[in-house]
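One structure below.
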Amino acid sequence: MLDIKFLRDNLEETERRLKTRGEAVTLGAFRDLDLQRRDLLQKSENLKALRNRVSDEISRVKDKSQVQDQIAEMRDVSQQIKALDDRLGEAEAELSQFLLTVPNIPSASTPVGSSEADNVEVRKWGNIPAFAFTPKPHWELGEQLGILDFECGAKLTGARFTLYRGQGARLERALINFMLDLHTERHNYVEILPPFMVNRDSMTGTGQLPKFEDDLFRLDGVDYFLIPTAEVPVTNIHRGEILKSTDLPLRYTAYTPCFRKEAGSYGKDTRGLIRQHQFNKVELVKFVQPDESYAELETLLADAEKVLQLLELPYRVVDLCTADIGFSAAKTYDIEVWLPGQNAYREISSCSNFEDFQARRASIRYREDDKAKPEFVHTLNGSGLAVGRTLVAILENYQQADGTVTVPEALRPYMAGTETIG
RNA sequence: GGAGAGAUGGCCGAGUAGGUCGAAGGCGCUCGCCUGCUAAGCGAGUAUACUGGGAAACCGGUAUCGAGGGUUCGAAUCCCUCUCUCUCCGCCA
């Protein structure tokens, strides 16, 4: 959510910067609505001040028969207040609904662009493996090895669900533990295991609602949603709180499954593990002071990259352009891992600085010192990493001519020493 | 699922025959004094949001005692609904 006062004073500039996202944003109605709201508010508050004053006078008079006129008058005033407050409530609801649907302003450092083609490659790491044979896609490898069963997933649930079996299940679990250990033991994140369903307030706090309800799985009967990412519960840990500056930065890591409807992606990545309705992810979340958030974004990115480096998987880092960053983000780096089966880099992590956008929605503040006014923190998060896609990358990059897969050395302690799958 | 109890400021905790309660008291914290030694004492201050005025410091208004609604001139205090917490029973991993 944008600062309403900032919007008021910088309407044209904001409109211009939001347009670089590629969607038409018109803030004209905002000004009228804002003026109307403040006008109603003033009228209502003036009447309330009057009522408070007169009611106070009434309370001092013992013989109420002497103040019947005032009581009658205030009865009328109360009616007027009620009418004004009804209109005010409508205006406020409309205004907040509007504000909740306006995306974040891209950071000045976010490259301006009109499509993902304008994303900027920041760096590449690792060597793309050369195969003496035609590398197979992971779904073939997984099925042949008997560790991924897509048909069974479809039988149990439906399309875009997969059953892991044997060493496949073990590999997924090994990756989760490997990532969590790395981030907690070496990168100083606090491990969190949050609820996998959250309420509407939490979804609104991080920006999934109200705009993207169609992307979420919602429970029948209660107003709970399956989380699309651990970002939601973990960021909302401090919703409505005022933190101490000495508590910052706060760094959390959490493993959770993620549930996404993937509406509008029909026909895309229909085979394999790339796009699932349920997938595992280890997430990194930070709460930091505003002037540190961009430095923290770089270290967050580095922490995520470290996973791929230790697994010796080639990747590149991409600085997303204004047209490609998410609704709540001011700046986003994607990490894309090399997939020999697709002969392409594919997203495996997305690391974003939301600045105060989520903090304002979720009211997450901090105090510089005991006397200072509360200020909004900056929130960041990134995948560290998407586990299913990491498994895909391992299968495809570490596949051998005979269809077996070598286990990356860093992972072997988590696989009871297993060196080869198959 | 059944029965009961409760939700007050950073924390603890008063306040229910409606008014002088943004809310006693204590703790914590901040500043000052004193003392002088890693403590105690004394004094003052110590919520948030919105809003009007002001360059600002700041001053004024409104709201907030779990949430929402109602009664009333006036509600932390009365009524209704919801949420959450705790205790007991049942059930269950």
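Chain naming here is simple, since letters A, B, ... match the order of the sequence lines and numbering starts at 1 in each.
Picking from B/rG19, B/rC73, B/rU62 the nucleotide with the shortest atom distance to the side chain of A/Lys64 gives B/rG19. Closest approach to the A/Arg8 side chain among B/rU51, B/rG19, B/rA49 is made by B/rU51 (side chain taken as heavy atoms from C-beta onward). In this structure, the nucleotide among B/rC84, B/rC73, B/rU62 sitting nearest to the side chain of A/Tyr224 is B/rC84. Of the candidates B/rA49, B/rG61, B/rC73, the closest approach to any side-chain atom of A/Pro374 belongs to B/rA49. Distance from the side chain of A/Ser55 is smallest to B/rG19 among B/rC84, B/rG19, B/rU51.
Side-chain atoms of A/Gln400 and A/Thr406 include a donor-acceptor pair closer than 3.5 Å.
Taking atom P in both B/rU48 and B/rG69, the straight-line distance is 25 Å, to the nearest Å. For the P atoms, the distance linking B/rG66 with B/rA14 amounts to 15 Å, nearest Å. Distance noted for atom C1' between B/rG26 and B/rG9: 14 Å (whole Å). For B/rA47 and B/rU30, the C1' atoms lie 15 Å apart once the distance is rounded to whole Å.
Distances shorter than 4.0 Å separate some side-chain N or O of A/Lys5 from OP1 or OP2 on B/rU51. The side chain of A/Arg365 places an N or O atom within less than 4.0 Å of a non-bridging phosphate oxygen (OP1 or OP2) of B/rA49. Phosphate contact (OP1/OP2 of B/rA49, side-chain N/O of A/Arg360, threshold under 4.0 Å): absent. A close approach under 4.0 Å does not occur between any side-chain nitrogen or oxygen of A/Lys82 and OP1 or OP2 of B/rC73. Phosphate contact (OP1/OP2 of B/rG74, side-chain N/O of A/Ser78, threshold under 4.0 Å): present. Using a 4.0 Å cut-off, some side-chain N or O of A/Arg37 falls inside it from OP1 or OP2 of B/rU51.
Residue-environment remark: OH (A/Tyr224) stays at or below the threshold of 12 foreign heavy atoms within 6.0 Å.
Counting only distance, with no hydrogens or angles, the side chain of A/Thr229 and the backbone of A/Glu231 share a donor-acceptor pair below 3.5 Å.
In this structure the side chain of A/Asp269 reaches within 4.5 angstrom of the side chain of A/Arg346, judged on heavy atoms.
Between the CG atom of A/Asp85 and the P atom of B/rG68 there is a distance of 13 Å, rounded to whole Å. Rounded to an integer number of Å, the gap from CZ of A/Arg51 to C1' of B/rA75 is 11 Å. The interatomic distance linking A/Gln70 (CD) with B/rC73 (P) rounds to 13 Å, in whole Å. Distance A/Gln79 CD to B/rU71 C1': 12 Å, rounded to the nearest Å. Residue A/Glu57 contributes atom CD, which lies 14 Å from atom P of B/rU20 at whole-angstrom precision. As a whole-Å value, the separation of A/Asn52 CG from B/rG18 P is 19 Å. In this structure, A/Ile242 places its CD1 atom 10 Å from C1' of B/rA49, rounding to the nearest Å. To the nearest angstrom, P of B/rA49 lies 18 Å from CZ of A/Arg38.
Ring geometry for A/Phe178 against A/Tyr414 counts as perpendicular: the plane angle is over 60°, on a 0 to 90° scale with 30° as the lower cut.
Each of A/Leu41 and A/Ser59 was assigned the nucleotide of RNA chain B with the nearest heavy atom; the assignment lying further toward the 5' end belongs to A/Ser59.
Within the cation-pi definition used here (under 6.0 Å to the ring centroid, within 45° of the axis), A/Lys281 does not qualify as a partner of A/Phe279.
For A/Gln42 and B/rG52, a side-chain-to-base donor-acceptor distance below 3.5 Å is absent, hydrogens and geometry of angles not being considered.
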